[in-house]
Amino acid sequence: MKIVLTNSVGGVGMPGAVAALRAGRPALDVIETGIRPVELEPTVNSVGRGGWPNLLGEVELDACIMDGRTLETGAVGALRGFLHPISVARKVMETLPHVFLVGEGAARFAAECDAETGDNLTAESRAGWEKWLQEHVPEDVRTRWPDVPLADWARLTAVPETAGGTTVFLVKDAAGDIAAGVSTSGWAFKYPGRLGDSPVIGAGCYADNRYGAAACTGMGELTIRAGTARAIVLYMKIGATVQEACHEAAADLRSLRRRYRGGVTIHAIDRDGQPYVISVRHEGEIKYWLWAEGMETPEEKAALIESW
Ligand code: GLY
C-alpha cells in the first residue's frame, strides 16, 4: 500500500507529496517534496524559515533523511543560513562517506552543494525572540546580552511542541520502498548548538524496508534517551505489530526518570504501510495527516493520546 504520513505542520507539504507519490516518484523524492514547502512556510515557527531562533537570535536547523532500502541516511544539525536542511541531509547521504554534519561543517558542505541560502530569521520570529527576552530576562542582564552565561535562561525556554512541532514524513512508494524524513528548528530559544532528536538517526527518524519506519515530534531530549525511532522498528522486527511497537516505545518514554518537560508524538508505519500515531504526555488534541492508496484526498486525523 502506498502511503504518506505526516504530522500537522507537514500538512503544508502534503498535497505535493501525494502528487509525487501518485506520479510514481520514489519515496526519498516524496519526502523531500513534502518537507521543502514546510521549511519555506514562515508561519510554521518550528521548522525552517520563520522557525524560532536560539538564545542568541540565530535560527539553527536540524534534519534527517533515511532510505529504508539500504539503511543509508544523512543528517545535518545546527545548520545556519540555508533554506532546505532536508535537501542538504539528502546530499550528505548521497555524496559523502559520512552520515551526520553539524554547525560550520554542515554549512560549508551546503555551500559546496550550492544549496539555497536565505535568512531564516523572519520579522515575526525575531519579534518572538525579543518578546521572550523582554518577558524573561531582567533589563540589567539584557543590556549585557549575549555576553552572559546562557544556561540559566535555557532552562526557561519552550519545548518544541509549543511552537507547533517538528515536521516528519513517512512514505511507502509504488515500488514498496520506505523512507523517513524529519526537519525542525527545534526547541524555541534553545541553548546555541543544542541538537534535538530530529537529526539523531535512530532517535527522531528511522526506516527499514524490512520492518517499517518511525519518526518523532516533541521533546527530542526524551527520544534521544530512549532511542525511540530505532526501538519501534526493532520491536516490529522481533514480531510486534506497529501498534504494539508504538505502545512499547511509549512505555520506554514513560519509564524515563526526571528532566522531562514536554511530550512526544510517535509516527510509525509497518512494512505494509499500516500507520499508527500515538502521543505521550501531550495535552489536547494532536493532529496528523494521512494519505493512503484508495483515499481521494489526504485526511486529517487525531493521534491516540496516552497520559504520561
Ligand atoms: N523533536 C524536535 C526537537 O526536539 O528538536
Side-chain angles (χ1 to χ4, degrees), residues 5-10 31 35 38-39 44-55 58-66 73 75-80 85-86 89 100 102-103 106 120 125 128-129 154-170 180-206 213-232 246 249-250 252-253 256 259-268 277-283 286-288 303:
L5 175 67
T6 184
N7 63 321
S8 60
V9 296
I31 298 276
I35 290 181
V38 191
E39 292 175 333
V44 176
N45 296 123
S46 48
V47 181
R49 191 166 153 264
W52 297 127
N54 64 20
L55 279 169
E58 303 160 336
V59 180
E60 294 184 324
L61 302 178
D62 302 336
C64 178
I65 193 163
M66 186 154 185
T73 181
V76 289
L79 178 66
R80 286 166 51 192
I86 191 66
F100 197 173
V102 298
N120 288 311
S125 54
W129 169 65
R155 288 187 199 105
L156 299 178
T157 55
V159 291
E161 62 267 41
T162 58
T166 297
T167 189
V168 302
F169 273 76
L170 303 177
V182 180
S183 183
T184 192
S185 52
W187 186 312
F189 320 130
K190 60 197 172 187
Y191 198 98
R194 177 262 185 190
L195 297 179
D197 59 336
S198 305
V200 178
I201 300 135
C205 181
Y206 203 78
C216 304
T217 66
M219 192 180 179
E221 280 72 3
L222 297 180
T223 63
I224 291 171
R225 288 168 65 194
T228 301
R230 171 68 180 132
I232 290 166
C246 288
D252 293 342
L253 289 166
L256 294 173
R259 289 164 62 90
Y260 53 77
R261 287 172 45 192
V264 168
T265 301
I266 297 167
H267 304 74
V277 180
I278 180 172
S279 200
V280 186
R281 201 172 176 263
H282 269 127
E283 281 165 19
I286 300 285
K287 296 290 189 72
Y288 67 96

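Whatever order the structure lists ligands and atoms in, that order sets their numbers, starting from 1.
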### Task
Tell me which one of Thr223, Val264, Ile224, Asp197 gets a heavy atom nearest to atom 1 (N) of ligand 1.
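Looking at heavy atoms only, Asp197 sits closest to atom 1 (N) of ligand 1.
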
### Task
Please work out whether the ring planes of Tyr288 and His267 are parallel, tilted or perpendicular, with thresholds of 30° and 60°.
perpendicular

### Query
Charged N to carboxylate O below 4.0 Å: is that the case for Arg194 and Glu221?
yes

### Query
About how many Å separate CG of Leu170 and CG of Asn7, when rounded to the nearest 0.5 Å?
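So the gap between those two atoms works out to 9.5 Å.
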
### Task
Go through the structure and list residues passing salt bridge (charged side-chain N to carboxylate O under 4.0 Å, His left out) with Arg49, not counting sequence neighbours.
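Arg49 satisfies salt bridge (charged side-chain N to carboxylate O under 4.0 Å, His left out) with no other residue.
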
### Message
Could you check whether any heavy atom of Arg194 sits closer than 4.0 Å to an atom of ligand 1, since that is the contact criterion I want to use?
### Response
yes

### Task
Return yes when Gly218 approaches ligand 1 closer than 4.0 angstrom through a heavy atom, no otherwise.
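Yes, Gly218 has a heavy atom closer than 4.0 Å to ligand 1.
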
### Query
ligand 1 and Gly186, any nitrogen or oxygen pair closer than 3.5 angstrom?
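No, no N or O pair falls under 3.5 Å.
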
### Task
Could you say whether the N/O atoms of Thr217 and ligand 1 ever approach to under 3.5 Å?
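Not met; the criterion fails.
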
### Task
Would you mind listing which atoms of ligand 1 come within a distance below 4.0 Å of any non-hydrogen atom of Thr166?
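Going through ligand 1 atom by atom, the ones under 4.0 Å from Thr166 are 1 (N), 2 (C).
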
### Query
Checking side-chain hydrogen bond (donor to acceptor under 3.5 Å, both in side chains) for the pair Thr166/Thr184: CA distance, chi angles, key distance, verdict?
CA-CA 5 Å; Thr166 297; Thr184 192; 3.1 Å; yes

